[in-house]
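Below, chains carry the letters A, B, ... as their sequence lines are ordered, and counting in each starts from 1.
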Amino acid sequence: MAWMKVCEALRAQPGQKVVIKGWIRTRRDSKADGGLSFLQVHDGTCQDPIQVVARSDLPNYASEVARVTTGCAVEAEGTLVASQGQGQAVEVAASVVRVVGWVDDPDTYPVPQKRHTFEYLREVAHLRMRTNTFGAVARVRHTLACAIHRFFDQRGFFYIHTPIITASDCEGAGQMFRVSTLDMLNPPRTPEGGVDFSQDFFGREAHLTVSGQLNVETYCCALSRVYTFGPTFRAENSNTSRHLAEFWMIEPEIAFADLAADADLAEEMLKYLLDDLLTRRADDMAFFDQRIEKGLIERLKHIVGSSFRRLPYTEAIGILERAQASGDAHFEFPVRWGLDLQSEHERYLTEQHFKQPVVLVNYPKQIKAFYMRLHAPGTDGAPGDTVAAMDVLVPGIGEIIGGSQREERLDVLDRRIEEMGLKKEDYWWYRDLRKYGTVPHAGFGLGFERLIQFCTGMQNIRDVIPFPRAPKQAEF
RNA sequence: UCCCCGAUAGCUCAACGGUAGAGCGAGCGGCUGUUAACCGCUAGGUUCAAGGUUCGAAUCCUUGUCGGGGAGCCA
């Protein structure tokens with residue numbers, strides 16, 4: 001008899017013998033026909049469980065079958081038959097039901113068949129994937145990850161494994177987690193009294209990476225089209241529904257390319273991913289559409305079908321100022337050229353003004369990183385210097401992608417490093433790329449969890465990663 | 001880190017200075033080819049912690065811890 005995944009059995013022709021293995025979602029009993037039990041069994045392979053019908057003439061019916069509860073692990077052998085009831089096309093008429101693992105005490109089982117809040121389920125993260133929502137999130141996460149690799153592979157990109165540990169403190173994206181084997185209670189000291197990191201494992205200070213970008217640029221300047229997809233760590237004390245201390249990021253980098261090509265790549269990729277997800281995980285997406293965010297599928301389809309608006313920062317400031325002046329919008333924070341846009345401004349642009357994803361480009365240089373390419377003065381009619389940066393803003397999430405064309409001119413790069421008060425020596429290998437066959441190149445970072453939020457409608461980022469790490473949160 | 005809100009049964013919440021309750025879940029029973037099942041019964045509480053006010057505190061005050069929403073930082 002063939003062991004069938006539930007997803008296969010639900011689509012199979014009636015009449016064949018099958019074995020189903022999984023966990024009980026619910027049991028319903030009936031005294032009709034001499035007594036029978038309906039077992040909803042799921043194995044995580046798809047959104048729907050399969051119904052196993054167990055009759056009272058099974059030898060272990062009274063002793064076991066009639067006593068199984070939500071969460072029990074079972075194996076069922078039987079015949080796949082057309083269902084007599086409503087709600088499912090096929091079901092398993094069981095000849096054997098074996099209880100593989102009991103639930104010790106149903107009264108204390110943390111995820112019985114009832115509604116749970118996501119906040120509660122976070123406290124039982126080792127069991128929450130047994131619920132329909134978190135099972136769906138896990139499958140969507142997998143499907144998106146595969147689609148990302150497929151998207152890049154089909155376009156000739158190479159997947160580069162950039163390091164998790166970095167000994168350079170020059171990545172410049174905020175607080176980092178230290179990596180050390182020193183005795184924290186009694187570290188070796190320098191004559192000045194500081195910690196002597198020369199005696200540490202790497203012979204210098206080391207941290208977890210906050211971005212693979214600088215490393216992947218080196219491969220870009222040799223293999224032309226590359227990307228990273230790995231974990232990233234930020235030690236910021238961020239307590240929001242959009243931030244994690246450990247998250248996954250996709251960072252493509254393309255050579256012989258400018259910001260326009262970068263934005264085109266970002267748009268093409270997002271559309272590919274949405275379209276692929278809607279096709280491959282139609283069951284889970286229907287679930288999210290129905291139970292998590294009404295209209296989700298229409299929203300995603302609309303994005304796949306429309307082109308993203310490109311909008312220079314300087315023009316965005318004009319739009320925001322006019323919206324404020326006309327009373328269309330009331331902003332808490334000031335709108336002025338040279339200031340960074342606040343969440344409320346970004347949300348206004350993407351959610352109210354354009355009602356579609358917006359690619360904001362060409363920001364003032366003073367609010368962006370040193371490695372972003374400096375524009376010629378007066379680009380977009382801007383009153384100050386701008387750089388070739390872009391943020392992709394989407395309704396509901398805000399910034400989902402941040403990217404830029406990189407500064408490939410060594411003299412300009414050096415000037416920027418100095419302006420920002422950084423040390424050229426720290427960037428010696430990064431600067432070498434500009435000395436030896438430098439080339440215009442660009443790239444961006446896509447937050448994987450934010451992508452999943454965007455695709456599922458899940459409100460809190462801690463619910464789209466298996467075991468979230470955030471301030472004061474590292475259980476499991 | 002800042003602002004606001006919250007913490008009471010396994011879960012979600014009520015009780016608004018005077019005897020701690022309901023729904024869901026769980027257990028038992030009834031009914032039904034059932035499927036958000038339905039009907040009945042039962043069990044279930046150091047009201048987050050520590051202090052304070054009061055004759056009396058789940059309720060008021062202080063501090064802390066944890067959680068949620070928003071902001072900043074960003075992806």
Side-chain angles (χ1 to χ4, degrees), chain A residues 25-41 48-55 66-67 69-71 81-88 91 93 103 105-124 131-132 172-175 210-213 231-251 266 291 332-333 340-344 346-347 367-369 391-394 397-403 444-454 459-465 470-473 475:
Chain A
R25 192 149 268 162
T26 60
R27 190 197 86 227
R28 293 179 297 273
D29 303 320
S30 173
K31 288 284 181 345
D33 292 352
L36 65 168
S37 290
F38 301 93
L39 309 176
Q40 296 288 351
V41 178
D48 290 324
I50 194 165
Q51 177 160 282
V52 172
V53 183
R55 298 193 169 273
R67 290 175 45 231
T69 58
T70 301
V81 298
S83 179
Q84 297 175 36
Q86 306 294 311
Q88 61 280 315
E91 63 192 19
V103 167
D105 177 7
D107 193 33
T108 59
Y109 182 54
V111 284
Q113 190 62 19
K114 80 178 282 292
R115 280 184 187 280
H116 299 287
T117 59
F118 294 147
E119 291 81 9
Y120 167 71
L121 289 170
R122 248 169 255 155
E123 296 170 8
V124 288
T131 65
N132 45 22
Q175 289 295 108
V210 293
S211 164
Q213 180 200 316
T232 309
F233 307 87
R234 304 272 167 95
E236 237 96 53
N237 193 7
S238 298
N239 292 287
T240 81
S241 57
R242 306 183 306 284
H243 289 84
L244 290 167
E246 176 185 276
F247 64 99
W248 289 63
M249 189 153 63
I250 298 102
E251 297 176 283
R291 304 283 286 274
E332 185 187 344
F333 292 91
D340 208 354
L341 298 182
Q342 304 290 319
S343 287
E344 58 177 352
E346 296 179 346
R347 277 207 309 274
I367 57 173
K368 288 294 179 182
D391 282 353
V392 179
L393 311 178
V394 295
I397 306 292
E399 183 181 344
I400 196 170
I401 284 176
F444 62 80
L446 165 65
F448 188 45
E449 284 76 19
R450 287 189 184 173
L451 172 69
I452 300 170
Q453 284 188 275
F454 179 60
Q459 301 265 308
N460 195 309
I461 200 166
R462 297 170 194 207
D463 296 328
V464 298
I465 190 168
K472 303 279 161 54
Q473 188 169 34
E475 189 72 49

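Of the nucleotides present, none pairs with B:U19 by Watson-Crick or G-U wobble criteria with both distances under 3.5 Å. In this entry B:A26 has B:U42 as its Watson-Crick or G-U wobble partner, both defining distances falling under 3.5 Å. Pairing partner, B:U65: B:A7, with both Watson-Crick or wobble hydrogen-bond distances short of 3.5 Å. With a cut-off of 3.5 Å on both Watson-Crick or G-U wobble distances, the partner of B:A71 is given as B:U1.
Residue A:R27 is out of contact with every strand shown, counting any heavy-atom pair closer than 4.0 Å. Contact annotation for A:T26: no contact, since no heavy-atom pair falls under 4.0 Å across all strands. In this structure, A:E123 reaches neither bases nor backbone, as no heavy-atom distance under 4.0 Å exists between it and the strands shown. The residue A:L451 sits apart from the nucleic acid: no heavy atom pair falls under 4.0 Å. Using a 4.0 Å heavy-atom distance criterion, A:R347 is classed as a sugar-phosphate-only contact. Among the atoms of the strands shown, base atoms are found under 4.0 Å from some heavy atom of A:G85. No contact: A:D105 has no heavy atom under 4.0 Å from any strand. A:R242 comes within contact range of at least one nucleobase, with a heavy-atom separation under 4.0 Å. Counting non-hydrogen atoms under 4.0 angstrom, A:L244 reaches a base of the nucleic acid.
On a pure distance criterion of 3.5 Å, no polar donor-acceptor pair joins the side chain of A:Q84 and the base of B:U34. Between the side chain of A:R28 and the base of B:C38, no donor-acceptor pair under 3.5 Å is found. A:H116 contributes no side-chain N or O that forms a donor-acceptor pair with the base of B:C11 under 3.5 Å. Side-chain atoms of A:K114 come within donor-acceptor range of the base of B:C11, with a qualifying N/O pair under 3.5 Å. Contact annotation: side chain of A:D107 to base of B:G25, donor-acceptor pair present below 3.5 Å. Checked by distance alone, A:Q175 brings no side-chain donor or acceptor within 3.5 Å of a matching partner on the base of B:U1. Checked by distance alone, A:R462 brings no side-chain donor or acceptor within 3.5 Å of a matching partner on the base of B:G67. In this model, a side-chain donor or acceptor of A:E91 finds a partner on the base of B:G33 within 3.5 Å. If you check distances only, the side chain of A:S238 does reach the base of B:C73 with a donor-acceptor pair under 3.5 Å. The base of B:U1 sits within donor-acceptor range of the side chain of A:N239, with an N or O pair under 3.5 Å.
Checking side-chain atoms of A:D105 against main-chain N and O of A:D107 turns up a donor-acceptor pair under 3.5 Å. Not one N or O on the side chain of A:E91 forms a donor-acceptor pair closer than 3.5 Å with the backbone of A:V81. A donor-acceptor distance shorter than 3.5 angstrom exists from the side chain of A:R234 to the backbone of A:V210, with no hydrogens or angles considered.
Taking the C1' atoms as reference points, B:U42 lies 23 Å from B:U47, given to the whole Å. Atom name P, nucleotides B:A36 and B:C28: the rounded distance is 23 Å, in whole Å.
Rounded to an integer number of Å, the gap from A:D29 CG to B:G27 P is 11 Å. What separates CZ of A:R234 from P of B:C74 is a distance of 9 Å, to the nearest Å.
Note on A:R55: every side-chain N or O is 4.0 Å or more away from OP1 and OP2 of B:G33. At least one side-chain nitrogen or oxygen of A:Q342 sits closer than 4.0 Å to the OP1 or OP2 atom of B:G72. Here A:S83 does not reach the OP1 or OP2 of B:G33: none of its side-chain N or O atoms lies under 4.0 Å away. Neither OP1 nor OP2 of B:G10 sits under 4.0 Å from any side-chain N or O of A:R115.
Side-chain contact, A:R28 with A:Q51: a donor N or O sits under 3.5 Å from an acceptor N or O.
Taking the charged nitrogens against the carboxylate oxygens, A:D29 and A:K31 have no contact shorter than 4.0 Å, which rules out a salt bridge. Here A:K368 pairs with A:D391 in a salt bridge; the nearest charged N to carboxylate O distance falls below 4.0 Å.
Residue ring and base: A:F247 counts as stacked with B:A75 (centre distance below 5.5 Å, interplanar angle below 30°).
The residue among A:T117 and A:S30 whose nearest nucleotide of RNA chain B lies closer to the 5′ end is A:T117.
Contact annotation: the side chain of A:M249 never approaches that of A:L446 to less than 4.5 Å [non-hydrogen atoms, C-beta and beyond].
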